[in-house]
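Notes follow once the structure below has been shown.
Note that ligands are numbered from 1 as they come in the structure, with each ligand's atoms numbered from 1 the same way. Residue indices begin at 1 and follow the sequence shown. It should be emphasised that the depicted structure is a prediction, and the values quoted were computed from it without experimental measurement.
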Amino acid sequence: MEEMAPAAVRDHSLVYAPRIQDLLAREEKVFRIDPTTVGVSDCRLLAEIVAARPVLSTERSVYKPAAGADIPHDSATRTIRALGQDVMAGIRTPPPPARGLSGAWPYAPTSYLRRWLFSADPLPVSLLSKRGITRSDTLSRIVDRAVTVWPGSEAEGRSTALAELIRGASDPLERRQAIAMYRRATATLCDGVAALAGNALWLLRQQRAPEQAPERASERAEERPADLTAALWETLRLLPPAWMLWRSGGEAYTELHPEIRPEDEVALFPLLMHRHPDYWSDPLEFRPERWAGVADPERTPAFMPFGFDGARCWAKHLVVPLAERLLTVAFDHGLVIRTPRQDAPVPLRSLLSVRFEAAAGA
Ligand code: HEM
């Protein structure tokens, strides 16, 4: 069930889930959420916590253990290189028909990205990333087994570099892990980029002059901003898809802050840090111009949409260019946000994403 807040709790016409809203109301930068969880949005403490110890294999998302074993470092790097090749190749190929962007966001662009980047893979590999399959554990297991037996062949023509890693696996464990990597990498990429693009679209629309909204805006295509890259960085500040990071076990952090006890879990909140008035001027304003001329946004203090040194995102260089390309297709094809005109929900999910309905031309 998605938790939603009463309509009174808003910014940028967003209605946050009550638990997110509770967090947004916190003024302290280190606070207790419940008897065993401490929340942190202090810039320095956050960096110290991330640096205090390497991320545990069980805390990882893409590279958590698969097929009963940790993912070896060289296979992790092969995966990220393959994903990079596939994204760059995808960005250069013509996108699928833009009507695929019509429907419920962020689900429509998630499926659209999967089709764009990974549908060339032969069956059954391409089924690994299909939404109807990934939502069912039983279907996922059946497809996993089918891919293990039949990972495709060179004779079938073009396939992605990620699919090649499945086919080229040297033993059954490596193949099973490559299958898990394919599924997780494609899901993390498509879900994350769709969330980011949707959040940007919503914030850009709210930024319009009052006389353009809401009546006429609902019938007019969304307009491409002059500096789309800056709009995406500002979206990563105000509505970061990776809004909360988790560290289990407080032992490594007790010396860093008196509130943290050995038995505590620690929740790190880029979402709160990115809007704290101690770190940002007009923190709740969506102002893409903050990023104009900033060569490396990630060197900005109190900004960590892709993590800090120590556990920084391996795919960060792919996310913004792909989101930019996706939004360009949307703008070029007259995407219109249809509903809601006001007050879009932001449910409690591991990825922060605004929900709305949109329609695009062909
Ligand atoms: C919009 C998309 C994405 C966002 C916003 C994002 C954000 C982040 C953040 C905030 C961290 C730090 C996590 C922590 O310290 O706990 C992180 C780490 C990481 N991300 Fe991403 N990420 C995205 C997509 C991806 C994709 C597509 C991949 C790879 C397939 C990936 C691979 C990693 C890896 C390997 C780490 C380092 C943590 C570890 O060693 O497991 N990310 N990401």
Handout entry: Pair Glu164-Ser159, side-chain hydrogen bond (donor to acceptor under 3.5 Å, both in side chains): steps then yes or no
Key = CA-CA 7 Å; Glu164 294 294 334; Ser159 66; 2.8 Å; yes
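- Considering only non-hydrogen protein atoms, atom 12 (C) of ligand 1 sits nearest to Ala311 O, 3.3 Å.
- Judged purely by atom type and a 3.5 angstrom limit, Asn199 uses its side chain to pair as donor or acceptor with the backbone of Val354.
- For atom 28 (C) of ligand 1, the closest non-hydrogen atom of the protein is Ala315 CB, 3.4 Å.
- Under a 4.0 Å criterion applied to the non-hydrogen atoms of Ala242, ligand 1 contributes the atoms 7 (C), 10 (C).
- Contacts with ligand 1 closer than 4.0 Å are made by side-chain heavy atoms of Val319 only, the backbone lying farther away.
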Handout entry: CA sep, side-chain torsions, deciding dist, call: Asp22, Arg26, salt bridge (charged side-chain N to carboxylate O under 4.0 Å, His left out)
Key = CA-CA 7 Å; Asp22 285 349; Arg26 299 278 188 163; over 6 Å; no
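- Ring planes of Trp105 and Phe356: parallel class, angle under 30° (limits at 30 and 60°).
- Using cut-offs of 30° and 60° on the angle between ring planes, the pair Trp116 and Tyr112 is perpendicular.
- Below 4.0 Å from some heavy atom of Leu83 lie the following atoms of ligand 1, by number and element: 27 (C), 30 (C).
- When only non-hydrogen protein atoms are considered, atom 33 (C) of ligand 1 lies nearest to Trp314 N, 3.7 Å.
- Nearest to atom 23 (C) of ligand 1 by heavy-atom distance, out of Gly192, Ala323, Ala195, Cys313, is Cys313.
- No donor-acceptor distance shorter than 3.5 angstrom exists from the side chain of Asp191 to the backbone of Leu351, with no hydrogens or angles considered.
- Note on ring orientation: taking the six-membered ring where Trp is involved, the planes of His274 and Phe303 are tilted (angle from 30° to 60°).
- Heavy-atom separations between Arg312 and ligand 1 include at least one value shorter than 4.0 Å.
- Nearest protein heavy-atom contact of atom 5 (C) of ligand 1 is Phe306 CE2, 3.7 Å.
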Exercise for the section: Just do the side-chain hydrogen bond (donor to acceptor under 3.5 Å, both in side chains) check on Glu357 and Thr339 with the steps written out, would you? Expected result: CA-CA 5 Å; Glu357 292 281 330; Thr339 57; 5.5 Å; no
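- When each atom of ligand 1 is checked for a heavy atom of Ala185 under 4.0 Å away, the hits are 30 (C).
- Below 4.0 Å from some heavy atom of Ile80 lie the following atoms of ligand 1, by number and element: 29 (C), 30 (C).
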Exercise for the section: For the pair Arg184 and Tyr63, evaluate side-chain hydrogen bond (donor to acceptor under 3.5 Å, both in side chains) and give the outcome as yes or no after the intermediate values. Expected result: CA-CA 8 Å; Arg184 292 180 197 162; Tyr63 294 141; over 6 Å; no
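- The N/O atoms of Arg247, backbone and side chain alike, include one that comes under 3.5 Å of an N/O atom in ligand 1.
- The closest donor-acceptor contact from the side chain of Thr300 to the backbone of Pro297 lies under 3.5 Å.
- Using 4.0 Å as the threshold, Val50 has no heavy atom nearer than that to any atom of ligand 1.
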Problem - Test side-chain hydrogen bond (donor to acceptor under 3.5 Å, both in side chains) applied to Glu174 and Ser75, step by step - result: CA-CA 9 Å; Glu174 193 179 311; Ser75 101; over 6 Å; no
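- Those atoms of ligand 1 with a heavy atom of Leu245 less than 4.0 angstrom away are 10 (C), 13 (C), 14 (C), 15 (O), 16 (O).
- Residue contacts with ligand 1 for Tyr63 involve side-chain atoms from C-beta outward but no N, CA, C or O (heavy atoms, distance under 4.0 Å).
- Considering backbone and side-chain atoms alike, Arg60 places an N or O below 3.5 Å from some N or O of ligand 1.
- The residue Leu268 has no part lying near ligand 1, judged by heavy-atom distances below 4.0 Å.
- Atom 24 (C) of ligand 1 has Thr188 CG2, 3.7 Å as its closest protein atom, hydrogens excluded (heavy atom only).
- When heavy-atom distances to ligand 1 are checked against a 4.0 Å cut-off, Thr79 has no atom that comes that close, whether in backbone or side chain.
- Under a 4.0 Å criterion applied to the non-hydrogen atoms of Gly307, ligand 1 contributes the atoms 9 (C), 10 (C), 12 (C).
- The closest donor-acceptor contact from the side chain of Trp233 to the backbone of Val320 lies at 3.5 Å or more, if one exists at all.
- Only backbone heavy atoms of Pro305 (N, CA, C or O) come within less than 4.0 Å of ligand 1; its side chain stays farther off.
- Heavy atoms of Leu196 found under 4.0 angstrom from ligand 1: none, in either backbone or side chain.
- Using a distance-only test at 3.5 Å, with no hydrogens or angles considered, a donor-acceptor pair links the side chain of Thr186 to the main chain of Arg183.
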